[in-house]
Chemist: 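Handing you a structure now.
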Amino acid sequence: MNLAKIKTSYVCQNCGSVSPKWMGRCPECSAWNSFVEEVAEKPSPSGGPVPGKYSPSASPVSLACVKGLETSRFMTGIGELDQVLGGGIVKGSVVLIGGEPGIGKSTVMLQVAGILSEKEKRTLYVSGEESPAQIRLRADRLSVRPEKLELLATTAFEDVLFTLADNKYDYLIIDSIQTMVSSELSSSGGTVGQVRHITYRLVELAKSSGLTVFIVGQVTKDGNIAGPKVLEHLVDTVLYFEGDYSRGVRILRSVKNRFGSTDEVGIFEMSSKGLLEAGNKAFMDLGQEPAAGKVLCPVLEGSRPFIVEIQALAAPTFFQYPKRNATGFDPNRLNMLIAILEKKGGLSLSGADVYLNVAGGLRVNEPAADLAVCAALISSFKDKPIPFDRVFAGEVGLTGEARPAPNMQGRMSEAARFGMKFFCVPVKSDKSESIELVNIKDIGGLMEYLAAAGK
Ligand SMILES: Nc1ncnc2c1ncn2[C@@H]1O[C@H](COP(=O)(O)OP(=O)(O)OP(=O)(O)O)[C@@H](O)[C@H]1O
Ligand SMILES: [Mg+2]
Ligand SMILES: [Zn+2]
């Protein structure tokens, strides 16, 4: 490979202006830190069309003449993963798996690699992060059979291309994209230019050879620079891992999928044997004692209901302005609910610091959690625990009235499955044998109910 010939240039990501050198500030649009290295197109000597940019096949064809792609899928047998992928891995697709450090990306990829190689799919696992010995150790812990799995420990992307050159692999796993360096660019590994260039090359390779590629991407907590975000538009499917380290529960969420819906989530549990499917587990510890400020809420993740624990702390403030803090919940929505409780429930929260947390490291983006958040705030403020045999679900409007949320039936079944006794919602008697419906019609009704339940 003749490296000296490849020309690169720096392109402002804000306005597109091109410079031969990196610059801290764009002279055209004055944006800071906006230059990213890209491989410059080599102009053809004759001044004709740029080679590699034009091909006769670029002429239009009738859609009727195009043969539909057979999306042949491979079921990994890890049900939760297959579901998130929209029914298995699509051959020739490029899947990006993002997540914070230590969340379990390498673990799940090694498990998948193990399954693939056992099913006689030639799989190459490229690791730029760990030594072969470390990977062997993990493979033993996960009971991944080592015989068939092929490992390449390198950070040089050209090594990967060289290994793939004779097309004998079906699957490629890159762990992680930030550690790979292509010598075509002069910038260092992990920069936007590098990760984008390498991903682009991998997509090209997948489309031309039918290779299926998994790319692991590190999500940095601060700012997300050169993280999976800049790659999302290039790949076919984007999955993100989230969850809480201490509890070992992980959610795999699909945020983009060219071959399926993005409504599905996979629920896993991290154990010493790897990521286990945890589809039927609750997201909190049901055995614990109820305490003031803790409320259970059945939320929907995609089309799937499960129960989360919402925790609130409302305590008198020592500051001139009370503190408001929400983890896993929209802070603006929290402020709105506080205002509603103040006005419609007569709760004097203006002199209280309010903290809200969704246990399990989850994010709840549904208005359906309003009623549970209000219940948690009232419970904490009045210092009255709410028994763990009931769940709250419903949206709260500005006038304090409560409204039903989508798929109440699903939420109810989930609550019943965990042996809940009361389903506290803004709906009149839907008949149900297994769980008792409590109709909460507004904030006033919620305050009365909680006051009575605490006795
Ligand atoms: N012996 C063990 N028993 C149980 N869990 C373990 C064990 N060893 C590691 N883990 C879990 O595996 C996690 C690390 O998983 P993994 O290395 O797959 O994460 P990752 O997302 O690839 O991280 P990184 O970004 O650092 O590469 C740890 O946070 C821990 O929860
Ligand atoms: Mg890793
Ligand atoms: Zn610019």
Side-chain angles (χ1 to χ4, degrees), residues 9-38 78 80-81 95-115 125-144 149 151-155 172-180 189-190 192-193 195 214-222 224-228 231 238-253 266-278 360-361:
S9 55
Y10 291 82
V11 181
C12 172
Q13 299 300 296
N14 196 35
C15 71
S17 90
V18 182
S19 151
K21 288 199 320 276
W22 188 82
M23 283 187 283
R25 189 178 194 195
C26 176
E28 297 286 330
C29 71
S30 307
W32 288 98
N33 248 329
S34 60
F35 277 94
V36 167
E37 191 184 26
E38 288 176 7
I78 306 175
E80 298 280 316
L81 178 66
V95 181
L96 176 68
I97 295 203
E100 286 174 9
I103 195 99
K105 303 179 293 296
S106 305
T107 305
V108 77
M109 282 334 308
L110 193 60
Q111 283 176 274
V112 169
I115 292 167
Y125 188 106
V126 179
S127 178
E129 288 187 343
E130 289 160 304
S131 66
Q134 275 176 300
I135 296 168
R136 176 65 204 263
L137 196 70
R138 178 181 293 131
D140 288 346
R141 177 160 60 80
L142 305 178
S143 318
V144 168
L149 185 58
L151 205 64
L152 179 65
T154 183
T155 56
L172 170 70
I173 294 166
I174 300 279
D175 186 4
S176 65
I177 188 75
Q178 277 89 0
T179 56
M180 291 291 135
V192 176
V195 298
F214 285 92
I215 299 172
V216 171
Q218 210 82 257
V219 177
T220 45
K221 272 189 180 158
D222 49 322
N224 237 331
I225 308 290
L231 307 177
V238 181
L239 308 179
Y240 278 108
F241 251 125
E242 45 185 77
D244 178 9
Y245 298 83
S246 54
R247 281 166 206 256
V249 195
R250 305 284 193 273
I251 284 198
L252 191 60
R253 196 188 290 280
I267 301 172
F268 296 92
E269 192 180 2
M270 180 63 103
S271 78
S272 59
K273 292 250 160 274
L275 283 158
L276 308 175
E277 297 177 57

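The structure presented is a predicted model; accordingly, all values stated were derived computationally and were not measured. Counting starts at 1 for both ligands and their atoms, following the listed order. Atom set for the values below is all heavy atoms of this structure, side chains included, hydrogens, waters and symmetry mates excluded.
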Chemist: Could you list which atoms of ligand 1 come closer than 4.0 Å to a heavy atom of Glu129?
Modeler: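 The atoms of ligand 1 under 4.0 Å from a heavy atom of Glu129 are 27 (O).
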Chemist: To the nearest 0.5 Å, what is the distance between CZ on Arg136 and CG on Leu149?
Modeler: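 Separation between the atoms: 10.5 Å.
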Chemist: Is the backbone N or O of Glu269 less than 3.5 Å from a side-chain atom of Arg250, with the two atoms forming a donor-acceptor pair by type?
Modeler: no
Chemist: Closer than 4.0 angstrom: is that true for some heavy atom of Gly104 and an atom of ligand 1?
Modeler: yes
Chemist: If only atom types and distance count, is the side chain of Arg141 paired as donor or acceptor with the main-chain N or O of Ser272 below 3.5 Å?
Modeler: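 Here the side-chain-to-backbone pair exists.
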Chemist: Using modelled atom types only, decide if a donor and an acceptor are shared between the side chain of Gln178 and the backbone of Gln218 within a distance under 3.5 Å.
Modeler: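 Such a contact is found between Gln178 side chain and Gln218 backbone.
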Chemist: Identify, by atom number and element, the atoms of ligand 1 in contact range of Gln218, meaning under 4.0 Å from any of its heavy atoms.
Modeler: 24 (P), 25 (O)
Chemist: Is a side-chain donor or acceptor of Glu80 paired with a backbone partner of Ile267 at a separation under 3.5 angstrom?
Modeler: yes
Chemist: Could you please spell out the steps behind the side chain to side chain donor-acceptor pair (under 3.5 Å) verdict for Ser176 and Glu129?
Modeler: CA-CA 7 Å; Ser176 65; Glu129 288 187 343; 2.9 Å; yes
Chemist: Between Ser127 and Asp175, is there a side-chain donor-acceptor contact under 3.5 Å, judged purely by atom types and distance?
Modeler: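 Side chains of Asp175 and Ser127: no pair found under 3.5 Å.
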Chemist: CG of Leu142 to CG of Leu110: how many Å apart, nearest 0.5 Å?
Modeler: 5.5 Å
Chemist: For ligand 1, does Ser176 get within less than 4.0 Å through its side chain, its backbone, both, or neither, judged by non-hydrogen atoms?
Modeler: neither
Chemist: Does any N/O atom on Val108 come nearer than 3.5 Å to any N/O atom on ligand 1?
Modeler: no
Chemist: Give a yes or no on whether the backbone of Glu37 and the side-chain of Trp22 come within a donor-acceptor separation of less than 3.5 Å.
Modeler: no
Chemist: How does Lys273 reach ligand 1, by side chain, by backbone, by both or by neither, if only non-hydrogen atoms under 4.0 Å count?
Modeler: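 No part of Lys273 is near ligand 1 at this cut-off.
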Chemist: Between ligand 1 and Pro101, is the shortest N or O to N or O distance under 3.5 Å?
Modeler: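 No, Pro101 has no N/O under 3.5 Å of an N/O on ligand 1.
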Chemist: Can you list the atoms of ligand 1 that are under 4.0 Å from a heavy atom of Thr107?
Modeler: 15 (O), 16 (P), 18 (O)
Chemist: Would you give the angle at the Zn ion (ligand 3) between Cys12 atom SG and Cys29 atom SG, to the nearest 10°?
Modeler: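 About 110°, to the nearest ten degrees.
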Chemist: What atoms in ligand 1 come closer than 4.0 Å to a heavy atom of Ser106?
Modeler: 18 (O), 20 (P), 22 (O), 27 (O)
Chemist: I need the atoms of ligand 1 closer than 4.0 Å to a non-hydrogen atom of Ser272, numbered in the order shown.
Modeler: 3 (N), 4 (C)
Chemist: Counting from 1, what ligand 1 atoms have a heavy atom of Ile103 closer than 4.0 Å?
Modeler: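 Once the distances to Ile103 are compared, the set is 19 (O), 21 (O).
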Chemist: As an exercise, identify every atom of ligand 1 less than 4.0 angstrom from a heavy atom of Arg250.
Modeler: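 Listed by number with element, the hits are 31 (O).
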Chemist: Is there at least one pair of N or O atoms, one from Arg141 and one from ligand 1, spaced under 3.5 Å apart?
Modeler: yes
Chemist: Counting heavy atoms only, which of Arg138, Met270, Gln178 is nearest atom 12 (O) of ligand 1?
Modeler: Met270
Chemist: Any N/O/S of Ser106 under 2.8 Å from the Mg ion (ligand 2)?
Modeler: yes
Chemist: Using atom types as modelled and distance alone, determine if a side-chain donor or acceptor of Lys105 lies under 3.5 Å from a backbone N or O of Glu100.
Modeler: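 Flag set: sc Lys105 to bb Glu100 pair under 3.5 Å.
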